[in-house]
Amino acid sequence: MSPSSIHSGDNLSHSTTTSVKPTVYVIDAFNPLAIAHAKTLFNVILPEDPGFADWRKNATSILVRGSYVTADDIASCPNLTAIGKHGVGIDKIDQDACAKRGIKILNTPGANARDVAELVLALTMAVARDIRSITVRQMSKPVPKETCNGLTLYGKTIGIIGMGNIGRTVAEIFRGAFDADVVACDVLMPDDAWPHIPHTRVQTTQEVLERADIISVHVPLTKETANMISYDQIRAMKQDAILINAARGGIVNEADLGRALSEGHLWGAGLDCHEQEPPTLEKYGALWEHLNVISTPHIGAATTRAQTASAMAAVNNLYQHVKTTQM
């Protein structure tokens, strides 16, 4: 298991209810404010601290951010009962191995929803106004404004696949900014979800793809969602639709996206998530030749506010679990 990044904390009481604090091993680098907060709740052992090398043997609780937690990691941790995860995604943690052992995974849904949703807005607007193409072209020679074209987003239909915290916030932003019609699909959400947002609820992703001018993906990467949007699905979208993936790489089939763009289908795409992260020129050079594609290296939560909130929530969620079950 390779160190990557770790966070902790939110707004809990800074006192503990017992004289002996529970111990947590912080596997990754975490927000300093969250670490300071964690130390009011836990006996915190960081990678640079004595005894950290024995974390697999001793840890009952760990905090992770970007590290993988494999089945082998789980097997080598006989005492592990809980994992505090900075961020929403838990695809780097072997969930089956945890389930077999009864190890609780505590992620932080909602902590970064606003930040990711704002990036969706930024990518959509940049693609709609052809910002990348214009910027690249004018680096070699002046670009007359008469040669530029863009899409007006006001009154467009945004299709949202996945109606969780981020999808809801995207819907709120597009309703407020563009008076957008909202079409949404989520087979797991109750029928009465989003009562405060005027929207049309549909039962299949295909309906979203066919009806929307902008498609924004907000589902986790699972066996069911891998390659959810492939060539046939992209071709089912409107000719001048915009596709945004700020969820996980692998949900949109990148080779199929490139193929559709080569055929002149779609106005463009904004990708904050890729099968390879961070994306490289070697892998994505052909896709990036399409100047109506904007790629960013999974920066949806890369804001000071989101990083602090997610880190604090990871600490607090873990402490509440430990306090309830072990103290």
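Small disclaimer: the values here were computed from a predicted structure and weren't measured.
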List in chain and number order the residues that pass side-chain contact (heavy atoms from CB on, under 4.5 Å) with [X], two or more places apart in sequence or in another chain; answer none if no residue qualifies.
X: Thr304; result: Thr308
X: Asp91; result: Arg248
X: Ala97; result: Ala71, Ile74, Asp94

- Residue pairs passing the side chain to side chain donor-acceptor pair (under 3.5 Å) test where at least one lies in residues 120-133, sequence neighbours excluded: Ser133-Arg137
- Task: Name all pairs fulfilling the side chain to side chain donor-acceptor pair (under 3.5 Å) condition that reach into residues 105-115, sequence neighbours left out, sorted by first residue then second.
- Result: Arg114-Glu118, Asp115-Thr303, Asp115-Arg305
- Note on the structure: Joining Ile, Leu, Val, Met, Phe, Trp and Tyr whenever any side-chain heavy atoms lie under 4.5 Å apart, the cluster holding Val136 also takes in Leu291
- Linked hydrophobic residues, Leu188 as query - side chain contacts closer than 4.5 Å: Val187
Show the atom names and distances, to 0.1 Å, of all donor-acceptor pairs under 3.5 Å that link a side chain in residues 231-238 to residues at least two apart or in another chain.
unit_1, atom_1, unit_2, atom_2, d
Tyr231, OH, Glu263, OE1, 2.6
Tyr231, OH, Glu263, OE2, 3.1
Gln233, OE1, Ser230, N, 3.0
Arg235, NH1, Glu263, OE1, 3.3
Lys238, NZ, Arg211, O, 3.2
Lys238, NZ, Asp213, OD1, 3.0

List, one per line, each side-chain donor-acceptor pair under 3.5 Å for residues 172-181, sequence neighbours excluded.
unit_1, atom_1, unit_2, atom_2, d
Glu172, OE2, His196, NE2, 2.7
Arg175, NH1, Ala180, O, 3.0

- For residues 257-288, pull every pair meeting ring pair (Phe, Tyr, Trp, His ring centres under 6.0 Å), keeping only residues two or more places apart or in separate chains. His274-Tyr284, Tyr284-Trp288
Tabulate below the donor-acceptor pairs under 3.5 Å that side-chain atoms of residues 145-171 make, not counting sequence neighbours, or state none.
unit_1, atom_1, unit_2, atom_2, d
Thr147, OG1, Pro144, O, 2.6
Asn165, OD1, Arg168, NH1, 3.3
Thr169, OG1, Asn165, O, 2.8

- Item | Pairs satisfying salt bridge (Lys or Arg N to Asp or Glu O under 4.0 Å), at least one member in residues 266-275, at least two apart | none
